[in-house]
Q: 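Just dropping this structure here.
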Amino acid sequence: MRDASITLIAIVGPTASGKTALGIDLATELGGEIVSADSRQIYRGMDIGTAKATRAERDRIPHHLLDVVEPDQVLTLAEYQAAAYRAIEDIARRGRLPLLVGGTGQYVAAVLEGWQIPEVAPQESLRRELEAYAAENGAEALHGRLAGIDPAAAAAIDYRNVRRVIRALEVCLVTGRPISELQRKSGPPYTIAQLGVTRPRPELYERIDWRVDRMIDAGLVAEVRGLAGAGYAWDLPAMTGLGYRQIGQYLRGEVTLDEAIALIKRDTRRFVRQQYNWFRPGDESIRWIDPSQTSSGDLLAYLSERLKSQPV
RNA sequence: GCCGGGGUAGCUCAGUUGGUAGAGCACGCGACUGAAAAUUGCGGUGUCCCCAGUUCAAGUCUGGGCCUCGGCA
């Protein structure tokens, strides 16, 4: 899998910063194709709320890992990672430049850092069992069980974060080995140039507000109503995404439409702050750019310098 | 104009018998290896409207002023 002869450009950053547009621009200039790193754009039929690239954009530039599962299916991190590696290597093999573009920090990190993910598929019945144990005996008791098996993992996970405690226990119980020993990073698998798209926080917040209003104009309510009408449950991962969750609250009569819109804007701002935990302004391996202040010419010059050992 | 309520964090507000202030939300910061737009942890950011007075000490008491909301004219 490790192949330094493959060049990968990664475009990361918070939502609504302009990653999609930059990715398409660079792909056009450099003969590239996009590999999406977005945990919500994987779902078919969820287009408006996820700000997916438009049909026209996708006709011009091939996009991979969009629309790969139905909204009631789950695509796990390990499955995403494997699919992303396949897509990247396929693009490179055809002599095109792969661009990894997206705001899901965990996906990006798994691909760029070469995470070795313990090969334990979700065990639904075990998860339910452990959830019930936590509900009955408390989160601390569940965490205590993990501490007995894998003290290092227990030390790294807050006892109140039941979901992560359960996953750690799941891996330990299924493999008989501590998860903390199984989690490794093999390092960057390719030659990578990472671009971070950012903007001043107030400007980003304004763009979010504007974009949410445009989503409403574009028919987000109808999109969500259609998904619910097709039988997709509100507690599916797909239906708890930004926009879908809050419009769901509106459709169930829990809030007004105006309230739902305000909630989407608020929650999207929160999400942006969370994304900056993955994509750090101080990260030396990321070349940060503000699209309103950097020309694509500057960027292309930087990239050819950065990747000059490789034909770009 | 008169009567009454109210001016405390970005917002809505709490604040005991006077001891330089605290909740929710917003906001800021962190964790993250098969649910990640998930889940989860931490943080109070302040001319307490202004001026003067009483007091060792005033968000709190007194006087004046300003602003605001409601009622009556």
Side-chain angles (χ1 to χ4, degrees), chain A residues 14-16 36-43 46 49-52 69 71-84 102-124 126-128 130-131 134 139 142-143 150 152-153 155-172 174-175 178-186 201-202 204-205 208 211-212 215 233 235-248 259 262-282:
Chain A
T15 194
S36 169
D38 187 300
S39 68
R40 301 294 152 167
Q41 295 183 0
I42 61 174
Y43 296 112
M46 306 184 81
T50 62
K52 213 176 275 177
V69 293
D72 58 352
Q73 296 178 297
V74 170
L75 184 76
T76 65
L77 174 66
E79 289 166 340
Y80 170 81
Q81 185 195 39
T104 300
Q106 192 193 36
Y107 285 10
V108 171
V111 170
L112 298 189
E113 298 172 1
W115 285 7
Q116 295 178 4
I117 300 161
E119 291 182 21
V120 178
Q123 317 282 309
E124 294 306 331
L126 176 59
R127 288 185 179 189
R128 279 196 295 275
L130 294 172
E131 272 167 25
L142 185 72
H143 187 263
D150 186 346
I157 303 174
D158 190 279
Y159 73 90
R160 287 159 289 203
N161 198 336
V162 174
R163 182 170 293 192
R164 289 190 53 222
V165 172
I166 287 177
R167 170 59 186 170
L169 273 168
E170 180 178 66
V171 171
C172 295
V174 169
T175 63
I179 187 173
S180 57
E181 284 180 11
L182 297 172
Q183 295 177 328
R184 291 287 180 269
K185 293 177 188 176
S186 56
R201 197 69 64 93
L204 200 51
Y205 288 175
I208 287 168
R211 192 168 81 166
V212 170
M215 286 176 177
D235 62 352
L236 287 168
M239 296 293 272
T240 59
L242 289 167
Y244 299 89
R245 172 183 298 216
Q246 298 83 358
I247 295 299
E259 287 168 341
L263 287 171
I264 296 171
K265 292 174 179 176
R266 183 198 71 183
D267 292 344
T268 304
R269 293 175 178 205
R270 286 182 178 167
F271 175 52
V272 160
R273 298 196 290 269
Q274 186 186 135
Q275 286 178 300
Y276 275 111
N277 283 321
W278 290 98
F279 313 122
R280 295 185 174 288

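Convention: sequence-line order gives letters A, B, ...; per-chain numbering from 1.
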Q: Please determine whether a side-chain nitrogen or oxygen atom of A:Asn277 lies at a distance below 4.0 Å from atom OP1 or OP2 of B:G30.
A: yes
Q: What is the nucleic acid contact for A:Ile117, judged by heavy atoms within less than 4.0 Å: base, sugar-phosphate only, or nothing?
A: base
Q: B:C32 phosphate, OP1 or OP2: any side-chain N/O from A:Arg280 under 4.0 angstrom?
A: no
Q: Go nucleotide by nucleotide along RNA chain B from the 5' end; which of A:Gln116 and A:Gln41 gets its closest nucleotide reached first?
A: A:Gln116
Q: Going by heavy atoms in the side chains, are A:Pro237 and A:Tyr43 under 4.5 Å from each other?
A: yes
Q: Pick base, sugar-phosphate or nothing for A:Asp267, based on heavy-atom distances below 4.0 Å to the nucleic acid.
A: nothing
Q: Name the nucleic acid region contacted by A:Pro118, choosing base, sugar-phosphate or nothing; use a 4.0 angstrom heavy-atom cut-off, strictly under.
A: base
Q: Nearest 0.5 angstrom please: A:Thr240 OG1 to A:Asp235 CG, how far?
A: 8.5 Å
Q: Select base, sugar-phosphate, or nothing to describe what A:Glu119 touches, counting heavy atoms under 4.0 Å on all strands.
A: base
Q: Strictly by Watson-Crick or wobble contacts shorter than 3.5 Å, is anything paired with B:G63, and which nucleotide is it?
A: B:C51
Q: What about A:Asp158, does its side chain sit under 3.5 Å from the base of B:U40 through a donor-acceptor pair?
A: no
Q: If the condition is ring-ring contact (aromatic ring centres under 6.0 Å, His included), which residues does A:Tyr244 pass it with, not counting sequence neighbours?
A: none
Q: Does A:Arg164 put a side-chain nitrogen or oxygen below 4.0 Å from OP1 or OP2 of B:U39?
A: no
Q: Can you tell me the Watson-Crick or wobble partner of B:A58, both distances under 3.5 angstrom?
A: none
Q: Which nucleotide, if any, forms a Watson-Crick or G-U wobble pair with B:G70, using both distances under 3.5 Å?
A: B:C3
Q: Please say whether more than 12 non-hydrogen atoms of neighbouring residues, nucleotides or ligands are located less than 6.0 Å from CD in A:Gln73.
A: yes
Q: From the list B:C32, B:C27, B:A35, which nucleotide is the closest neighbour of the side chain of A:Val74?
A: B:A35
Q: Thinking salt bridges, do A:Arg167 and A:Glu170 make one under a 4.0 Å N-O criterion?
A: yes
Q: Pick base, sugar-phosphate or nothing for A:Glu113, based on heavy-atom distances below 4.0 Å to the nucleic acid.
A: nothing
Q: Hey, can you tell me if A:Tyr80 and A:Tyr107 have their rings parallel, tilted or perpendicular (30° and 60° cut-offs)?
A: parallel
Q: Nearest to the side chain of A:Arg201, which nucleotide is it out of B:G34, B:U33, B:C29?
A: B:C29
Q: Could you write out each protein N or O paired with an N or O of nucleotides 42-45 of chain B at a distance under 3.5 Å?
A:
none

Q: Of all the nucleotides listed (B:C27, B:A35, B:A36), which has the minimum atom distance to the side chain of A:Arg269?
A: B:C27
Q: For A:Thr50, report the nucleic acid contact type (base, sugar-phosphate, nothing); a contact means any heavy atom under 4.0 Å.
A: base
Q: With a non-hydrogen cut-off below 4.0 angstrom, is A:Gly49 in contact with a base, only sugar-phosphate, or nothing?
A: base
Q: Of A:Tyr43 and A:Lys265, whose closest RNA chain B nucleotide lies nearer the 5' terminus?
A: A:Lys265
Q: Using a heavy-atom cut-off of 4.0 Å across all strands, would you classify A:Glu131 as base, sugar-phosphate, or nothing?
A: base
Q: Which nucleotide, B:C27, B:G30, B:C32, lies nearest any side-chain atom of A:Arg266?
A: B:C27
Q: Mind checking who B:G30 pairs with, Watson-Crick or G-U wobble, both distances under 3.5 Å?
A: B:U40
Q: If you compare every side-chain N and O of A:Tyr276 against the phosphate oxygens of B:C29 (OP1, OP2), does one of them come in below 4.0 Å?
A: no
Q: Respond yes when some side-chain nitrogen or oxygen of A:Tyr205 is under 4.0 Å from OP1 or OP2 of B:G28, and no when none is.
A: yes
Q: Tell me the partner of B:U17, counting only Watson-Crick (N1-N3 plus N6-O4 or O6-N4) or G-U wobble (N1-O2 and O6-N3) with both under 3.5 Å; none if nothing fits.
A: none
Q: Find the distance A:Phe271:CZ to B:G30:P and express it as a whole number of Å.
A: 16 Å
Q: Output a table of nitrogen or oxygen pairs between the protein and nucleotides 9-12 of chain B separated by less than 3.5 Å.
A:
none

Q: Tell me whether the side-chain N/O atoms of A:Arg167 come closer than 4.0 Å to OP1 or OP2 in B:U39.
A: no
Q: Assign A:Leu182 to base, sugar-phosphate, or nothing according to its heavy-atom contacts below 4.0 angstrom with the strands shown.
A: nothing
Q: Identify whether any heavy atom of A:Glu170 sits under 4.0 Å from a base atom; if not, whether one sits that close to sugar-phosphate; answer base, sugar-phosphate or nothing.
A: nothing
